[in-house]
2 protein chains.
Amino acid sequence: MTDRRLSDACSRTVLSAATPVTEGWAPHEREVDLLAESGEHFSCLSFVDIFSDLTEQDIAAIDRTSPPRLFSSGELVFSQSEPVTALFILKGGRIRIFRVAEDGKTLTIAILEPGAVFGEMLLIGQQMYDNYAEAIETSVVCQLSAADVEEHFLSNPRIAVKISRLLGEQVARLEERLTDMALRPLTARTAATLLTLEKAAPRTRFTQARVVKLTHEQLAGLLGATREATSKTMADFAARGLIRQGRGRITIDDVDGLRRISRSTF
Amino acid sequence: MTDRRLSDACSRTVLSAATPVTEGWAPHEREVDLLAESGEHFSCLSFVDIFSDLTEQDIAAIDRTSPPRLFSSGELVFSQSEPVTALFILKGGRIRIFRVAEDGKTLTIAILEPGAVFGEMLLIGQQMYDNYAEAIETSVVCQLSAADVEEHFLSNPRIAVKISRLLGEQVARLEERLTDMALRPLTARTAATLLTLEKAAPRTRFTQARVVKLTHEQLAGLLGATREATSKTMADFAARGLIRQGRGRITIDDVDGLRRISRSTF
DNA sequence: TGCGTTCTGCGATCAGGGACACAGTGCATC
DNA sequence: GATGCACTGTGTCCCTGATCGCAGAACGCA
């Protein structure tokens with residue numbers, strides 16, 4: 001499992017300007033701020049790689065018709081009942097893409113960071129794409145309508161090429177993850193997943209360590225394991241000095257150690 | 001798991017003319033025949049969906065520079081040591097795409113039927129794509145060189161769109177398979193996989209049943225399980241009258257029954 | 001500050017499958 | 001035909017991870 005495999009369902013260019021989520025605000029205050037910034041000062045499309053071939057006029061036109069929407073933590077961005085009819089761009093917050101089995105158990109396909117594009121199956125005329133998307137923090141999402149997509153994208157060959165590339169990367173990541181799931185024990189999978197996440201994670205202020213912002217439960221969803229088993233593994237890693245833990249945050253201390261474990265069979 | 005998920009790593013348009021593999025010939029006799037037919041009477045590219053936008057000149061040009069190659073059962077078409085530098089088209093026989101873990105265990109990503117295109121990651125500039133491809137029957141494969149690909153494909157926008165679509169389907173299949181792997185017990189996964197394979201399988205002459213040509217071991221590779229566990233499951237299915245077994249061939253009798261099992265949790 | 005909700009940490013029990021070890025049995029080649 | 005090999009059926013042991021049940025701790029909110 002690699003960084004990218006998990007972090008984007010499609011493009012994910014980091015937008016430093018898009019995540020000014022300082023902590024500790026009152027909720028409605030924060031919401032207002034997020035929306036204001038996204039609506040006024042910031043185009044949804046600029047800086048996202050996949051759109052870099054659009055003309056400025058196109059971008060302006062699309063921005064005009066695609067108001068940002070706010071989702072609070074736990075809210076569904078799309079689901080079976082409201083199928084994907086738009087292309088989404090995550091401006092701020094975090095979104096979890098997941099699938100649900102008959103018995104209600106879920107597997108997390110990806111956890112998206114700001115700058116990610118999702119619902120991209122629309123682009124290639126995919127139907128019946130039964131993923132769910134849920135905000136795991138207060139999130140701001142821009143929606144491009146199917147009409148926008150049709151008008152601006154399908155006509156543009158360079159964009160098709162970019163989409164191919166992104167999908168190709170996704171295929172590679174999924175195949176890797178599939179073999180991990182099939183052939184590796186939980187411990188190795190956990191280490192591998194942490195390494196993946198680590199690559200995308202922001203660094204701590206003074207040390208070189210990185211912090212992954214996930215609860216054990218969220219990590220378990222990614223691993224296809226139970227929360228308990230994941231907790232146990234994490235406690236083990238912590239005891240070995242590979243990581244440090246804090247409610248909802250995992251500090252990666254020993255990348256090499258994790259790498260060794262991720263490669264071992266047991 | 002669906003038919004398509006397993007049967008193509010890329011395009012797979014059935015070529016009725018491409019698999020005249022009558023059984024019971026002496027090996028070298030068969031080889032000669034396969035090669036002769038592929039080299040002379042039959043273009044590698046025609047009928048394969050992804051190429052349908054090429055001009056006849058293009059097709060002719062490519063055919064001239066891409067002689068069909070023969071692989072006997074067990075031979076590797078590509079691997080880590082000889083990385084993918086070409087695009088392959090399977091004309092006859094069957095190819096298994098798989099990955100290998102550190103401990104030597106393998107997971108089968110796909111089993112390709114004639115008409116499939118593989119090594120397609122080359123198209124999108126993918127490096128380090130560590131899949132292996134192995135013939136599981138005597139197979140005939142055409143290779144397009146990287147140069148051919150560059151010249152004829154990357155310039156053609158309609159082809160990029162088709163590639164996007166194919167990759168998108170692959171992503172959907174892989175995500176489905178990943179959740180199956182994570183959330184479903186072997187029994188359900190086996191049933192689902194059989195159904196998938198069933199859709200692609202040829203029908204028996206008189207009944208409506210279809211026959212899947214796989215050994216338990218090959219099926220196990222697809223399931224990410226051991227041969228023994230797979231055998232046990234299959235024996236169970238057979239006892240319930242859902243399937244009938246014969247060395248290397250599985251006859252699907254009760255599609256609905258399998259479907260029921262594939263949806264249940266236990 | 002106080003309270004409730006989330007997160008995390010165990011522990012006990014249980015079951016699905018993995019690892020091995022063989023024993024039959026078609027099929028294919030000679 | 002005869003011989004071998006590749007497939008398949010089982011059986012036993014064992015171990016990972018799922019399940020269930022709580023308990024303590026940190027944090028968010030009122």
Side-chain angles (χ1 to χ4, degrees), chain A residues 23-30 72-74 101 103-107 136-138 181-190 212-221 223-239 243-251 264-266, chain B residues 23-30 72-74 101 103-107 136-138 180-190 212-221 223-239 243-251 261 264-266:
Chain A
E23 300 185 353
W25 291 339
H28 47 287
E29 213 178 326
R30 182 195 303 161
S72 42
S73 186
D103 61 354
K105 279 187 288 194
T106 69
L107 179 75
I136 58 175
E137 308 177 348
T138 303
M181 192 69 82
L183 305 178
R184 286 186 159 157
L186 182 58
T187 315
R189 245 158 59 221
T190 306
V212 174
K213 283 196 345 187
L214 282 182
T215 66
H216 289 183
E217 178 141 31
Q218 289 165 344
L219 185 56
L223 291 167
T226 57
R227 200 272 307 163
E228 293 90 326
T230 308
S231 280
K232 190 165 299 181
T233 307
M234 296 298 281
D236 180 43
F237 286 175
I243 62 173
R244 272 169 300 160
Q245 309 216 54
R247 248 181 130 63
R249 45 180 45 244
I250 302 156
T251 309
S264 72
T265 314
F266 50 94
Chain B
E23 300 184 355
W25 290 341
H28 49 287
E29 211 177 325
R30 183 195 301 161
S72 42
S73 187
D103 60 356
K105 279 187 289 195
T106 69
L107 179 75
I136 58 175
E137 307 177 349
T138 303
D180 278 3
M181 191 69 82
L183 305 177
R184 288 187 156 151
L186 182 58
T187 315
R189 245 157 59 220
T190 307
V212 174
K213 283 195 345 188
L214 283 181
T215 67
H216 288 183
E217 177 141 33
Q218 289 165 343
L219 184 57
L223 291 167
T226 57
R227 202 271 308 161
E228 294 90 324
T230 307
S231 280
K232 192 163 298 182
T233 307
M234 295 299 280
D236 179 43
F237 286 175
I243 62 171
R244 272 168 299 158
Q245 309 217 58
R247 259 180 120 63
R249 44 179 45 244
I250 302 156
T251 309
I261 292 176
S264 72
T265 314
F266 50 96

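The chains referred to below are lettered A, B, ... by the order of the sequence lines, with proteins before strands, and numbering in each begins at 1.
A donor-acceptor pair under 3.5 Å links the side-chain atoms of B:Arg189 to the main chain of B:Arg184, judged by distance alone.
The separation between A:Leu223 atom CG and D:dT16 atom C1' is 15 Å, rounded to whole Å. As a whole-Å value, the separation of B:Met181 CE from D:dA18 P is 15 Å. One interatomic measurement links the two molecules: CE of B:Met234 to P of D:dG9, which rounds to 9 Å at whole-angstrom precision. The CG-P distance, from A:Leu219 to C:dG9, rounds to 12 Å in whole Å. Taking atom CD of residue A:Gln218 and atom P of nucleotide C:dC7, one finds them 7 Å apart after rounding to whole Å. Here C:dG16 presents its C1' atom at 17 Å from CZ of B:Arg184, a figure rounded to the nearest Å. Taking atom CG of B:Asp236 as the reference point, atom P of C:dG17 lies 12 Å away to the nearest angstrom. Computed from coordinates, the B:Glu217 CD to D:dG9 C1' distance equals 15 Å when rounded to whole Å.
The side chain of B:Arg247 lies closest to C:dG26, out of D:dG9, C:dT8, C:dG26. Listed nucleotides C:dT8, D:dC7, C:dG17 differ in distance to B:Thr215; the shortest reach to its side chain belongs to D:dC7.
The two residues A:Phe237 and A:Thr190 make their nearest non-hydrogen contact at CE1-CG2, 3.9 Å. The shortest non-hydrogen separation linking B:Ala225 to B:Thr230 is CB-OG1, 4.1 Å.
Of the inter-residue distances, the one linking A:Met234 atom CE with A:Arg227 atom CZ reads 12.0 Å to the nearest 0.5 angstrom. Atoms CG and CE, on A:Leu183 and B:Met181 in that order, are 7.5 Å from each other to the nearest 0.5 Å. Between the CD atom in A:Gln218 and the NZ atom in A:Lys213 there is a gap of 10.0 Å [rounded to 0.5 Å].
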Please tabulate, one pair per line, each protein N/O and nucleotide N/O from nucleotides 18-22 of chain C that are separated by under 3.5 Å, including the distance.
residue, atom, partner, partner atom, Å
C:dG18, OP2, B:Thr226, N, 3.2
C:dG18, OP2, B:Thr226, OG1, 3.0
C:dC20, N4, B:Glu228, OE2, 3.3

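Regarding contacts with the backbone of D:dA6, every side-chain N or O of B:His216 stays at 4.0 angstrom or more from both OP1 and OP2. In this model, the phosphate group of D:dC7 is not approached by any side-chain N or O of B:Gln245 to a distance below 4.0 Å at OP1 or OP2.
More than 12 heavy atoms of other shown residues, nucleotides or ligands fall within 6.0 angstrom of atom CD in A:Gln245.
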